4 protein chains.
Amino acid sequence: MKLSAQSKADKRQAILDAALRCFSRDGFHATTTGDIVREAGVSQGALYLYFRSKDELILALADDRRRSDALIAVLVAHEDDPLRGVTELMELYGRSLIDPQTREIRRVAVQGWAEALRSEAIRDQTLRAIAEVRGLIVETIRKGQESGLFRAEVSAAALADILIAAFNGLTLRTAWGEALDLEPVGQTLAEMIRRLLLPS
Amino acid sequence: MKLSAQSKADKRQAILDAALRCFSRDGFHATTTGDIVREAGVSQGALYLYFRSKDELILALADDRRRSDALIAVLVAHEDDPLRGVTELMELYGRSLIDPQTREIRRVAVQGWAEALRSEAIRDQTLRAIAEVRGLIVETIRKGQESGLFRAEVSAAALADILIAAFNGLTLRTAWGEALDLEPVGQTLAEMIRRLLLPS
Amino acid sequence: MKLSAQSKADKRQAILDAALRCFSRDGFHATTTGDIVREAGVSQGALYLYFRSKDELILALADDRRRSDALIAVLVAHEDDPLRGVTELMELYGRSLIDPQTREIRRVAVQGWAEALRSEAIRDQTLRAIAEVRGLIVETIRKGQESGLFRAEVSAAALADILIAAFNGLTLRTAWGEALDLEPVGQTLAEMIRRLLLPS
Amino acid sequence: MKLSAQSKADKRQAILDAALRCFSRDGFHATTTGDIVREAGVSQGALYLYFRSKDELILALADDRRRSDALIAVLVAHEDDPLRGVTELMELYGRSLIDPQTREIRRVAVQGWAEALRSEAIRDQTLRAIAEVRGLIVETIRKGQESGLFRAEVSAAALADILIAAFNGLTLRTAWGEALDLEPVGQTLAEMIRRLLLPS
DNA sequence: TATGAATGAGACTTCATTCAT
DNA sequence: AATGAATGAAGTCTCATTCAT
């Protein structure tokens with residue numbers, strides 16, 4: 001009985017979802033494949049019909065592609081309004097930090113950071129995602145500078161790195177369950193960027 | 001042959017050093033106690049004369065107390081010159097990020113972040129260290145505001161969180177071995193802080 | 001390849017049998033799980049598919065349920081003939097003491113007695129089995145007393161305890177491999193009981 | 001500094017006492033030499049100055065020589081009054097069963113029974129002690145038979161075995177901490193012996 | 001395609017004993 | 001004689017992966 005492509009994809013996704021829950025709860029290493037198949041309601045063997053190994057499952061969940069895609073989309077959407085682009089980027093990031101739906105994803109992402117230290121595949125994937133977002137931030141700032149909107153003395157690359165670093169640092173804090181008051185943090189960061197970029 | 005407190009501490013430290021090298025290279029979980037004792041040049045049993053378990057070893061290495069202590073020292077040293085305090089803090093942090101000697105520590109710290117998601121002991125320890133640094137940053141900024149040096153409208157807490165987040169984010173990037181050009185990053189961040197805090 | 005309940009029970013029993021042989025030969029503590037799986041012809045991991053731990057295996061073998069069940073059956077079978085019941089009980093017990101097939105069981109039972117000192121689970125199980133047999137012996141004697149067959153002055157409980165104590169003591173002696181001549185022992189004990197219970 | 005023979009013997013005894021407490025509490029195998037030296041307040045190495053190995057310590061405590069010596073003394077003391085000898089034997093045994101001071105000894109003795117299954121040295125020692133007591137009981141009964149006091153038809157050897165078996169079985173029950181009511185048990189057993197031995 | 005029993009390497013930890021001091 | 005740090009073999013149990021059905 002051949003499974004339709006649809007139900008095959010469904011089952012694969014069900015396993016991924018189960019793995020995300022397990023990894024978020026217990027971490028990559030304390031999670032056993034037994035935990036995952038139990039959570040997914042499939043058989044032990046089924047896991048290996050859809051994934052080559054536990055590591056492949058980790059790799060598939062180690063970065064948060066959905067988030068970086070969203071960030072990229074925002075920057076692209078506002079490419080003719082650099083200030084708006086940067087502002088919206090921060091808005092979006094801030095919202096994602098407090099969205100309870102992405103809590104598991106953020107926790108797993110932090111674990112992915114640790115795994116990226118050891119696994120070249122995970123590191124490549126993670127760095128590529130960061131580089132992509134970073135590239136677009138740089139481009140956005142450059143555009144603002146070229147149009148005379150932003151101060152030309154500012155290093156676009158440095159600012160991009162600072163933004164990404166701050167984002168990652170905040171992701172970390174919220175992943176730990178700390179109740180950060182993100183409202184003033186967002187406003188203060190926005191103010192810092194404005195004062196840096198806009199001519200006084 | 002009763003060991004002196006000194007030589008006992010030395011041996012304990014030798015094991016810690018070996019564990020740090022192993023953890024940095026292979027991660028907490030892929031490192032076996034066998035790896036550690038081989039690296040330390042002691043017997044399997046010796047490990048348990050100095051540590052109750054592998055977990056205790058992980059806990060002992062999961063945060064980077066030396067770094068947070070140094071940060072605190074800097075802030076305390078310049079408590080009558082808030083602007084200098086914040087600047088020196090950034091200097092120190094920046095230097096530590098490129099110091100090859102602390103590379104292993106930074107790699108292990110990132111793994112500690114992931115472990116902190118699962119282990120209450122590690123999380124407590126990590127959050128406590130962060131809270132301590134954060135508290136001193138807030139205090140330093142407040143002092144500057146009270147003396148009229150800094151703009152009173154700025155949220156000291158928010159700025160402290162942003163700084164810490166950026167620091168952590170940069171630690172992460174350097175832990176991965178990325179060759180960040182930290183010079184402009186540091187200058188840009190300093191400029192952002194000055195423009196935010198100092199009256200224009 | 002879902003195992004049928006039958007073959008699952010069979011395999012469990014095969015491991016139990018192997019463990020019995022090992023425990024009888026080397027004792028609970030000198031027997032390793034490696035010994036057991038080798039004797040059973042299964043893999044290390046297989047043991048843990050059928051038993052949660054080595055302790056569970058010990059618990060499962062620590063008392064001799066088959067023997068106490070047989071004793072109970074005898075007493076129940078002759079509940080309308082108390083003298084016969086007691087006599088048959090002794091017969092059965094005596095036969096079991098010299099049955100080479102139960103030699104391993106008796107050796108393991110003695111070890112269970114020692115384990116019962118430390119393990120509440122084993123002690124509970126052992127005491128429960130004894131209490132059950134004891135209760136039936138008491139009841140049988142009481143019945144004989146009520147019908148006027150046995151002397152009413154005899155403490156049924158005390159006699160039951162004496163019988164059980166003697167049985168256990170004899171089990172111990174035979175477990176050690178001593179060549180007791182059980183024939184006269186049985187006859188003498190029977191004579192003691194008759195002279196105690198029957199009106200002279 | 002040469003230790004006097006006295007203090008050497010004292011220290012040896014202190015270790016034995018500590019071992020008895022540990023063995024009684026945790027069993028031979030769950031007790032570590034570390035437990036014993038801690039309980040005795042001596043150093044790890046000291047143990048091996050007084051005993052060749054842990055096994056030697058077990059052997060030294062595995063049987064209850066003090067009890068069997070006392071039993072023998074009673075029988076010898078009344079060798080010209082066989083009935084009295086047997087009665088006193090039972091009295092003494094009964095008292096020892098409820099003496100809280102010998103509780104640890106009885107618990108360790110039961111463990112010795114299990115060890116005797118595996119260790120030839122312990123088995124020899126245990127069987128020898130039993131044989132000694134048994135021999136004296138047989139002799140006592142024989143004497144009574146020869147003097148016409150006891151019925152000649154009774155098998156002295158069988159009765160001795162029954163008595164010893166009952167004693168051991170009762171030791172077992174009390175070692176488990178069961179609150180047996182030994183008063184009626186003793187009386188009933190005495191009655192059984194009288195009725196068996198004395199001409200009606 | 002799907003199952004889940006089976007595998008067996010290997011991880012962590014303990015512990016009786018030794019031996020340098 | 002005495003100490004206690006050190007040893008390292010060995011034990012129990014787990015778990016990612018395979019494969020017969």
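Just so it is clear: chains get the letters A, B, ... in the order the sequence lines come, proteins before strands, and each one is counted from 1. Being a predicted model, the structure only gives us computed values, none of them experimental.
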Writing each nucleotide of DNA chain F 5' to 3' as (, ), [, ], | or . by Watson-Crick or G-U pairing under 3.5 Å yields .||||||||||||||||||||
Nearest-Å distance for atom pair [atom1]/[atom2], residues [X] and [N]:
X: Leu57(B); N: dC12(E); atom1: CG; atom2: P; value: 11 Å
X: Ile36(A); N: dT14(F); atom1: CD1; atom2: P; value: 18 Å
X: Arg38(A); N: dT14(F); atom1: CZ; atom2: P; value: 12 Å
X: Lys8(C); N: dG4(E); atom1: NZ; atom2: P; value: 11 Å

Residues pairing under salt bridge (Lys or Arg N to Asp or Glu O under 4.0 Å) where one sits in residues 41-52 of chain D, two or more places apart or in two chains, turn out to be Arg52(D)-Glu56(D)
Applied to residues 10-19 of chain B, the salt bridge (Lys or Arg N to Asp or Glu O under 4.0 Å) test, sequence neighbours excluded, yields none
Using a 3.5 Å distance criterion without hydrogens, assess whether the side chain of Ser4(C) forms a donor-acceptor pair with backbone atoms of Ser7(C).
yes
Gln125(B) side chain to Leu59(B) main-chain N or O, any donor-acceptor pair under 3.5 Å? yes
Nearest 0.5 Å please: distance from the [atom1] atom of [X] over to the [atom2] atom of [Y].
X: Glu120(C); Y: Leu117(C); atom1: CD; atom2: CG; value: 13.0 Å
X: Phe23(C); Y: Ile36(C); atom1: CZ; atom2: CD1; value: 4.0 Å
X: Leu49(D); Y: Ile15(D); atom1: CG; atom2: CD1; value: 8.0 Å
X: Arg107(D); Y: Asp26(D); atom1: CZ; atom2: CG; value: 9.0 Å

Exercise. Within the pair Lys11(D) and dA1(F), is there a side-chain N or O less than 4.0 Å away from OP1 or OP2?
Worked result: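 No, outside the criterion.
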Does Thr33(D) put a side-chain nitrogen or oxygen below 4.0 Å from OP1 or OP2 of dA16(E)?
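Indeed, a polar side-chain atom of Thr33(D) lies that close.
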Distance-only donor-acceptor hits, side chain of residues 41-48 of chain B, under 3.5 Å, sequence neighbours excluded:
from	atom 1	to	atom 2	distance (Å)
Ser43(B)	OG	Ala46(B)	N	3.3

Review point. Going by number, which of residues 25-32 of chain C have a non-hydrogen atom under 4.0 Å from DNA chain F?
Key: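 Under 4.0 Å from DNA chain F: Thr31(C), Thr32(C).
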query: Heavy atom of residues 43-56 of chain B under 4.0 Å from DNA chain F: which residues?
result: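 Heavy-atom contacts with DNA chain F come from Ser43(B), Gln44(B), Gly45(B), Ala46(B), Leu49(B), Tyr50(B).
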Practice task
Report yes if the side chains of Trp113(B) and Ile122(B) come closer than 4.5 Å at any heavy-atom pair, otherwise no.
Solution key: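 They are not in side-chain contact.
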Tell me whether the rings of His29(B) and His29(A) are parallel (<30°), tilted (30 to 60°) or perpendicular (>60°).
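Parallel, since the angle between the ring planes stays under 30°.
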